[in-house]
Amino acid sequence: MEEENKKGHFIESIIKQDLENNKNDGLVTTRFPPEPNGYLHIGHAKSICLNFNMAKQFNGTCNLRFDDSNPAKEKQIYIDSIKETVNWLGFDFKTPFFASDYFNDLYEFAIQLIRRGKAYVCNLSPEEMRQYRGTLTEKGENSPFRDRSVEDNLDLFNRMKNGEFKEGEVTLRAKIDMASPNINLRDPIIYRVKKATHPRTGDKWCIYPMYDFTHCLSDSLEGITHSLCSLEFEDHRPLYDWILDTLATPCHPQQIEFARMNINYTILSKRKLQLLVDQNKVSGWNDPRLPTLEGMRRRGYTPEAIRNFCNIIGVSKKDSRIDMGLLESCLRDDLNEKAPRVMGILKPLKVTIENYPEGKTENLSAMNHPQKEEMGKRPISFSKVIYVEQDDFMEDPPKKFFRLGLGREVRLRYAYLVTCTEVIKNAKGEVIELICTYDPQTKGGNAPDGRKVKGTIHWVDANNCLDAEVRLYDRLFKDENPEQGNQDFMENLNPDSLEILRSCKLETSLETANCKTIYQFERLGYFCQDSVDSQASNLVFNRTVTLRDAWAKIAKKQPPKKQVNPNKKSKK
RNA sequence: UGGGGCGUCGUCAAGUGGUAAGACACAGGGUUUUGAUCCCUGCAUUCAGAGGUUCGAGUCCUCUCGCCCCAGCCA
């Protein structure tokens with residue numbers, strides 16, 4: 001269920017008020033403007049949801065517009081990925097817009113600015129430019145080229161366009177105020193020479209407009225009413241407004257800033273994510289541990305869960321760091337509703353049922369969802385030898401441990417009640433097999449005499465199961481805020497963020513699994529087949545998220561009992 | 001030391017002068033053939049701090065403190 005935020009956040013209030021005042025003829029048009037220089041992450045999802053939802057809520061439209069004004073960094077593969085991801089998230093855009101489609105208009109606007117005496121070609125080198133700009137506390141100085149005539153500027157700008165200058169040699173600058181306390185207003189560059197091939201315009205241009213010039217005009221050209229962006233652009237708003245006020249433009253959109261998303265134990269910076277990929281700390285942009293939307297998709301996150309999360313966290317101007325637990329809660333919420341249940345054993349422990357007939361196989365019936373009859377049932381095979389989870393047996397169990405132990409009776413889910421009669425160990429003293437007896441009267445799991453068993457555990461038929469690799473993921477970083485202070489976030493990586501289990505046993509119904517279905521492995525968590533590495537001959541499953549685990553909490557509070565699973569290597 | 005922002009529960013977040021919503025987390029309890037789900041219950045005498053205005057302040061005023069952003073020919 002996606003929740004509507006009834007009261008509405010501050011941006012919603014602004015839009016409602018604008019509508020009441022008939023500010024834009026009752027229209028609401030927004031845009032999501034990614035630069036195609038990387039892949040989208042969960043932080044972008046917040047902006048996508050905000051922009052598309054505002055448009056939808058007020059019967060408006062939202063444009064997907066690529067802010068592609070820097071060919072040095074942008075690539076077609078990113079454009080493709082972004083389109084695909086926005087669609088996957090569940091948002092429809094007719095045809096994408098591109099700032100590069102406005103290069104001609106933008107060029108004309110620049111000429112208009114020059115004609116109005118509000119822009120000039122400047123020959124200052126990058127270093128000189130920095131010196132003239134001043135500092136945060138000191139005013140800047142006027143460029144010696146500031147007072148060129150309109151004719152000279154027009155000629156020079158034309159020659160810039162024709163490729164007569166090298167990169168860094170000249171720029172076109174807006175003539176505003178070198179003494180402004182806002183550095184963005186100290187004659188900002190609006191065009192620079194860049195001899196790079198653009199993914200869409202090829203080599204048609206060798207000068208490209210800067211963000212501040214491009215963005216506001218693109219917004220205006222598209223009839224955007226509310227231009228929503230993140231907090232760091234607050235200082236740019238005066239420039240956004242100056243350009244639109246100075247030029248003859250179709251309309252003057254309102255820029256509104258909101259706080260970008262942060263989540264603990266991860267990073268949401270394209271640059272830093274890029275470093276993780278480049279230094280092979282992860283397998284790629286779609287590594288399931290990454291907060292990239294492609295990574296999350298591969299891990300098993302659903303668009304519904306992500307959208308709901310974005311709605312729930314709200315929109316404000318406060319710097320915030322959201323608990324990863326909230327994201328996971330949204331995920332479980334969605335998956336609990338739709339994930340079919342199956343059984344799988346991550347760390348197998350062989351169990352032989354001594355009084356079960358040799359060679360016999362039964363087909364038992366299991367529900368695909370305990371609360372949803374309509375999701376149907378499936379057969380699961382049962383025979384003399386099965387596997388259970390190593391964690392579900394303890395030789396010397398602590399109080400409140402409801403699972404298997406010597407002499408204890410538990411229920412095998414959907415099967416029989418079994419009692420452990422013998423523990424077999426290897427030379428090292430590790431438990432390698434359990435001998436149990438079963439009660440034939442308890443088929444399905446209920447005892448005719450009404451006796452109760454506290455524990456129900458999952459199992460898989462050893463003679464009829466699938467072998468699989470299962471990848472368990474944990475938080476990528478050790479610290480809540482990996483970027484805190486001046487510490488290097490790379491040093492903060494959690495060395496245990498990926499655990500690969502290679503001898504997992506899954507029930508046979510998973511043979512026909514596909515990457516689109518997220519399953520619940522009962523009592524363990526949600527899992528999905530890996531879209532990249534899984535093959536029929538070598539099944540690979542990803543753990544999307546664990547189930548809530550009350551036992552883990554109890555066990556933690558339990559008085560220290562040296563009893564550890566003997567099959568595990570003892571840890572320090 | 002210039003400019004722009006922000007400070008309400010552990011984390012998000014409502015609140016628009018009339019007596020602190022909700023969610024996650026956490027703590028108890030109930031149901032349960034998943035220690036899951038579900039269902040109850042509890043969880044800010046107080047809104048960064050100090051003054052002031054007012055019958056009444058998280059909301060208005062003043063000062064103080066803390067945090068974030070800005071000196072790319074990146075977006």
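Small disclaimer: the values here were computed from a predicted structure and weren't measured. Naming convention: chains lettered A, B, ... in sequence-line order (proteins, then strands); numbering from 1 in each chain. The figures here come from the full heavy-atom set of this structure, side chains too, leaving out hydrogens, waters and symmetry mates.
Whole-Å rounding puts the A/Lys317 NZ to B/G15 P distance at 16 Å. In this structure, A/Leu326 atom CG and B/G10 atom P are separated by 17 Å, rounded to whole Å. At whole-Å resolution of the value, CG in A/Asn336 and P in B/U32 are 18 Å apart.
Against the 90° criterion about 0, the sugar-base torsion of B/G72 places it in the syn range.
With both pairing distances under 3.5 Å, B/G2 is matched to B/C70 as a Watson-Crick or G-U wobble pair. Within the shown strands, B/G30 is the pairing partner of B/C38 under the Watson-Crick or G-U definition, both distances less than 3.5 Å. Pair check for B/U59 finds none; no Watson-Crick or G-U wobble contact set falls under 3.5 Å.
Among residues at least two apart or in separate chains, salt bridge (Lys or Arg N to Asp or Glu O under 4.0 Å) pairs with a member in residues 438-447 of chain A are A/Glu362-A/Lys443, A/Asp439-A/Arg451. Residue pairs meeting the ring-ring contact (aromatic ring centres under 6.0 Å, His included) criterion with at least one partner in residues 315-342 of chain A, sequence neighbours excluded, do not occur; the list is empty.
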Enumerate, atom names and distances included, each donor-acceptor pair closer than 3.5 Å involving a side-chain atom of residues 166-173 of chain A, sequence neighbours excluded.
{"unit_1": "A/Glu167", "atom_1": "OE2", "unit_2": "A/Lys195", "atom_2": "N", "d": "2.7"}
{"unit_1": "A/Glu169", "atom_1": "OE1", "unit_2": "A/Lys166", "atom_2": "N", "d": "2.6"}
{"unit_1": "A/Arg173", "atom_1": "NH1", "unit_2": "A/Asp187", "atom_2": "O", "d": "2.8"}

For a quick test of your reading: what N or O donor-acceptor pairs under 3.5 Å do the side chains of residues 36-44 of chain A make, sequence neighbours left out?
{"unit_1": "A/Asn37", "atom_1": "OD1", "unit_2": "A/Lys270", "atom_2": "NZ", "d": "2.5"}
{"unit_1": "A/Asn37", "atom_1": "ND2", "unit_2": "A/Glu35", "atom_2": "OE1", "d": "2.9"}
{"unit_1": "A/His41", "atom_1": "ND1", "unit_2": "A/Gly43", "atom_2": "N", "d": "2.9"}
{"unit_1": "A/His44", "atom_1": "ND1", "unit_2": "A/His41", "atom_2": "N", "d": "2.9"}

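Looking at A/Gln520, its side chain comes within 3.5 Å of the base of B/U34 through a donor and an acceptor atom. The base of B/A36 sits with one of its N or O atoms less than 3.5 Å from a complementary donor or acceptor on the side chain of A/Gln371. One cannot find a donor-acceptor pair under 3.5 Å joining the base of B/U37 and the side-chain atoms of A/Arg332.
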I'd like a list of close polar pairs between nucleotides 26-28 of chain B and the protein, N/O only, cut-off under 3.5 Å.
{"unit_1": "B/C26", "atom_1": "OP1", "unit_2": "A/Lys553", "atom_2": "NZ", "d": "3.1"}
{"unit_1": "B/C26", "atom_1": "OP2", "unit_2": "A/Lys553", "atom_2": "NZ", "d": "3.3"}

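Here A/Arg523 pairs with A/Asp392, A/Arg403, A/Ile457, A/His458 under the side chain to side chain contact (heavy atoms under 4.5 Å, CB included) rule; sequence neighbours left out. Residues that satisfy the side chain to side chain contact (heavy atoms under 4.5 Å, CB included) test with A/Asn363, not counting sequence neighbours, are A/Pro379, A/Ser381. In terms of the side chain to side chain contact (heavy atoms under 4.5 Å, CB included) criterion, residue partners of A/Tyr211 (sequence neighbours excluded) are, by chain and number, A/Asp67, A/His215, A/Phe233. Every residue two or more places apart in sequence or in another chain was checked for a ring pair (Phe, Tyr, Trp, His ring centres under 6.0 Å) with A/Phe97, and none qualifies. By the side chain to side chain contact (heavy atoms under 4.5 Å, CB included) test, A/Glu141 pairs with A/Tyr132, sequence neighbours left out.
RNA chain B is contacted by no residue of residues 255-267 of chain A, taking any non-hydrogen atom closer than 4.0 Å.
Side-chain proximity of A/Asp549 to the nucleotides B/G35, B/A13, B/U34 is greatest for B/G35.
In terms of phosphate contacts, A/Ser316 brings a side-chain nitrogen or oxygen within less than 4.0 Å of OP1 or OP2 of B/A13.
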Per-nucleotide protein contact string for nucleotides 67-75 of chain B, where B marks a base within reach and S marks sugar-phosphate only (heavy atoms under 4.0 Å, - for neither): -SBBBSBBB
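Aromatic ring pairs are classed by plane angle as parallel below 30°, tilted from 30° to 60° and perpendicular above 60°; the pair A/Trp459 and A/Phe382 is perpendicular.
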